[in-house]
Student: 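Take a look at this one; I'll ask things after.
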Amino acid sequence: MAVPAPVLYPPFNIVRLSHIEFTVTDLGASRAFYADTLGLQITDSDARAIYMRAMEERVHHCVVLKQGDAPCVGYLGFKLYDEPDLEKAQDYFRSRQLPVEWVERPYQGRTLRTRDEHGIPLEFHVTMDRLPPIHQKYALYKGVKPLRIDHFNCFTPDVDASTEFYNAIGFRLTEYTQDEVTGRLWASWLHRKGGVHDIAFTNGFGPRLHHTAFWAANPLHIIDLLDVMSTTGYLGHIERGPGRHGISNAFFLYVRDPDGHRIEIYTSDYQTVDPEHEPIKWDLKDPQRQTLWGAPAPRSWFEEGSVFAGVEPHKATLEATPIVAP
Ligand SMILES: [Fe+2]
């Protein structure tokens, strides 16, 4: 399909991605991974849940871990600009026959829950409890010294449809790959907050979450994390990288949490805030789109992802292109 034109005056105003809820099967093991190893700060915890934020975040949490029987993702959370945006969002999703409900979430103001047209659970809020800044409390920094949540990346069975859906609510396309034969999108990267993406979509068995990314200050922190993980029992959790992406130009590392949820550590992409910013098209056959230095991703990276709670994934409508090994 043709790349959609940006919607500069969307039906409601999304500021940025905000947080994610993971269901995990062993809260203690997840605490050791996310807090002790990656370095997220615990802001509350009990026997059933852990709330965490990254170092420069002034809101209560960017990750919620919930104890459960099987790993899954509860929802993707987004912050809206102001209270009237919640009603506008409710009206918008209702008018598209999508389910809407108001849900109670600890540490948050009014929260609207809906789903996208493939079933990805989405939650929108305006306010979350504010906490004192800790970005200059250097004694608290550990692990990869994560500064903030950066983006979600999802498998979708129809990248054209997902791109249109999120484009219509104000996400702006920054980079994409397109199948040359059919003209259909293979993957797309879309933002609200002025970086390369708040959310991205890749063709595949979905919807499923491919990964959640956290921003680190520089690549050396990622190297430090590799040294720590490889000597503390997490060697098998290092999946891909470190490397530099072609798409986004970011430096990256992919690791897996104790339940297999994929986490990216990401740094140094570029600013995209200009409204006329042109999206960059990549050739699907170009191995440098994924890793600028040419190293191929492992098969698990193409195939494995986290299911969303109660959502049955479907086969992609666009047939898989063979993996290009450089
Ligand atoms: Fe990513």
Side-chain angles (χ1 to χ4, degrees), residues 1-8 10 14 16-17 76 78 116 149-156 158-204 206-207 209-215 219 240-254 262 264-297 301-302 305 316 318 320-321 323-324 326:
M1 75 170 198
V3 168
V7 176
L8 300 182
I14 300 169
R16 58 175 175 84
L17 85 160
L76 306 182
F78 293 88
D116 76 7
I149 191 168
D150 190 82
H151 61 264
F152 304 124
N153 190 313
C154 301
F155 284 119
T156 172
D158 186 337
V159 177
D160 284 328
S162 293
T163 303
E164 276 185 353
F165 181 93
Y166 287 84
N167 189 79
I169 56 175
F171 288 84
R172 308 210 297 267
L173 187 69
T174 55
E175 305 207 24
Y176 64 101
T177 57
Q178 196 166 25
D179 183 72
E180 291 303 331
V181 178
T182 61
R184 294 183 57 190
L185 294 178
W186 182 264
S188 65
W189 285 256
L190 302 121
H191 82 95
R192 281 299 297 170
K193 66 182 179 316
V196 170
H197 53 324
D198 290 71
I199 193 163
F201 296 96
T202 302
N203 187 69
L209 182 71
H210 188 273
H211 65 263
T212 303
F214 296 91
W215 181 276
R240 179 185 170 203
R244 185 174 298 281
H245 286 305
I247 293 169
S248 81
N249 195 42
F251 194 90
F252 70 88
L253 171 70
Y254 295 92
R262 184 180 289 105
E264 180 181 16
I265 310 299
Y266 179 94
T267 186
S268 176
D269 65 356
Y270 56 89
Q271 180 171 292
T272 61
V273 73
D274 288 7
E276 71 272 46
H277 197 81
E278 304 87 353
I280 298 172
K281 179 182 174 180
W282 287 79
D283 187 336
L284 260 183
K285 292 189 268 322
D286 182 354
Q288 287 192 291
R289 76 187 194 280
Q290 290 176 329
T291 308
L292 194 67
W293 306 335
W301 196 87
F302 293 97
L318 180 58
T321 298
I323 295 166
V324 180

Student: Distance from His151 atom NE2 to Leu17 atom CG, nearest 0.5 Å?
Tutor: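 Rounded to the nearest 0.5 Å, the NE2-CG separation comes to 9.0 Å.
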Student: Salt bridge (charged side-chain N to carboxylate O under 4.0 Å, His left out) with Asp269: which residues, sequence neighbours excluded?
Tutor: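 Asp269: no salt bridge (charged side-chain N to carboxylate O under 4.0 Å, His left out) contacts found.
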Student: If the condition is ring-ring contact (aromatic ring centres under 6.0 Å, His included), which residues does Phe152 pass it with, not counting sequence neighbours?
Tutor: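 So Phe152 forms a ring-ring contact (aromatic ring centres under 6.0 Å, His included) with Phe78.
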Student: Which heavy atom of Pro275 sits nearest to which heavy atom of Pro6, and what is that distance?
Tutor: O-CG, 4.2 Å
Student: Got a donor-acceptor contact below 3.5 angstrom from the Asp158 side chain to the Asp160 backbone?
Tutor: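 Side chain of Asp158 to backbone of Asp160, a donor-acceptor pair under 3.5 Å: yes, one is there.
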Student: For Ser248, is there any backbone N or O sitting under 3.5 Å from a side-chain donor or acceptor partner on Glu175?
Tutor: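 The answer is yes, because a donor-acceptor pair under 3.5 Å joins these two groups.
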Student: To the nearest 0.5 Å, what is the distance between CG on Asp283 and CD on Gln288?
Tutor: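 One finds 11.5 Å between CG of Asp283 and CD of Gln288.
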Student: Holding to ring-ring contact (aromatic ring centres under 6.0 Å, His included), I want the full list of residues that pass it with His191, two or more places apart in sequence or in another chain.
Tutor: none
Student: At what distance, to the nearest 0.5 angstrom, does OG1 of Thr267 lie from CG of Asn249?
Tutor: 10.5 Å
Student: For a quick test of reading the model, state the closest non-hydrogen atom pair linking Ser188 to Leu190 and the distance between them.
Tutor: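 Where Ser188 meets Leu190 most closely, the heavy atoms are OG-CD1, 3.7 Å.
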Student: Can you list everything that forms a side-chain hydrogen bond (donor to acceptor under 3.5 Å, both in side chains) with Gln178? Sequence neighbours excluded, please.
Tutor: Lys281
Student: Are the side chain of Arg172 and the backbone of Val273 linked by a donor-acceptor contact shorter than 3.5 Å?
Tutor: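 The answer is yes, because a donor-acceptor pair under 3.5 Å joins these two groups.
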Student: Atom OH in Tyr166, atom CG in Asp116: separation rounded to 0.5 Å?
Tutor: 3.5 Å
Student: State which residue, out of Asn167, Asn203, Thr156, fulfils the side-chain hydrogen bond (donor to acceptor under 3.5 Å, both in side chains) condition with Ser162.
Tutor: Thr156
Student: Using a 4.5 Å cut-off on heavy atoms from C-beta on, say whether the side chain of Ile199 contacts that of Leu76.
Tutor: yes
Student: Answer yes or no for Arg240 and Trp301: cation-pi contact, defined as NZ/CZ to six-membered ring centre under 6.0 Å and angle to ring axis within 45°.
Tutor: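 Yes, a cation-pi geometry.
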Student: Looking at residues at least two apart in the chain, or sitting in another chain, which of them share a ring-ring contact (aromatic ring centres under 6.0 Å, His included) with Phe155?
Tutor: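 Phe155 satisfies ring-ring contact (aromatic ring centres under 6.0 Å, His included) with His210 once adjacent residues are dropped.
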Student: Roughly how far apart are His211 NE2 and Asn153 CG, rounded to 0.5 Å?
Tutor: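 Here the rounded value is 4.0 Å.
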Student: Do you know which two heavy atoms are closest between Pro10 and Gly170, and how far apart they sit?
Tutor: CB-CA, 3.7 Å
Student: Do the non-hydrogen side-chain atoms of Cys154 and Leu209 ever get within less than 4.5 Å of each other?
Tutor: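 The answer is yes, as the side chains (C-beta and beyond) meet within the 4.5 Å cut-off.
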Student: How are the rings of Tyr266 and His197 set relative to one another: parallel (under 30°), tilted (30 to 60°) or perpendicular (over 60°)?
Tutor: perpendicular
Student: With a 4.5 Å cut-off on side-chain heavy atoms, are Tyr176 and Val159 touching?
Tutor: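 Heavy-atom side-chain distance check fails, nothing below 4.5 Å.
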Student: Kindly write out the residues that satisfy side chain to side chain contact (heavy atoms under 4.5 Å, CB included) with Ser268, not counting sequence neighbours, or none if the list is empty.
Tutor: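 Partners of Ser268 by the side chain to side chain contact (heavy atoms under 4.5 Å, CB included) criterion, ordered by chain and then number, come out as Arg244.
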Student: Using 4.0 Å as the upper bound for N to carboxylate O, is an ion pair formed by Arg192 and Asp198?
Tutor: no
Student: How far does CH2 of Trp186 sit from OG1 of Thr177, to the nearest 0.5 angstrom?
Tutor: 8.0 Å
Student: Can you tell me how the ring of Phe252 sits relative to the ring of His245, calling it parallel under 30°, perpendicular over 60° and tilted otherwise?
Tutor: parallel
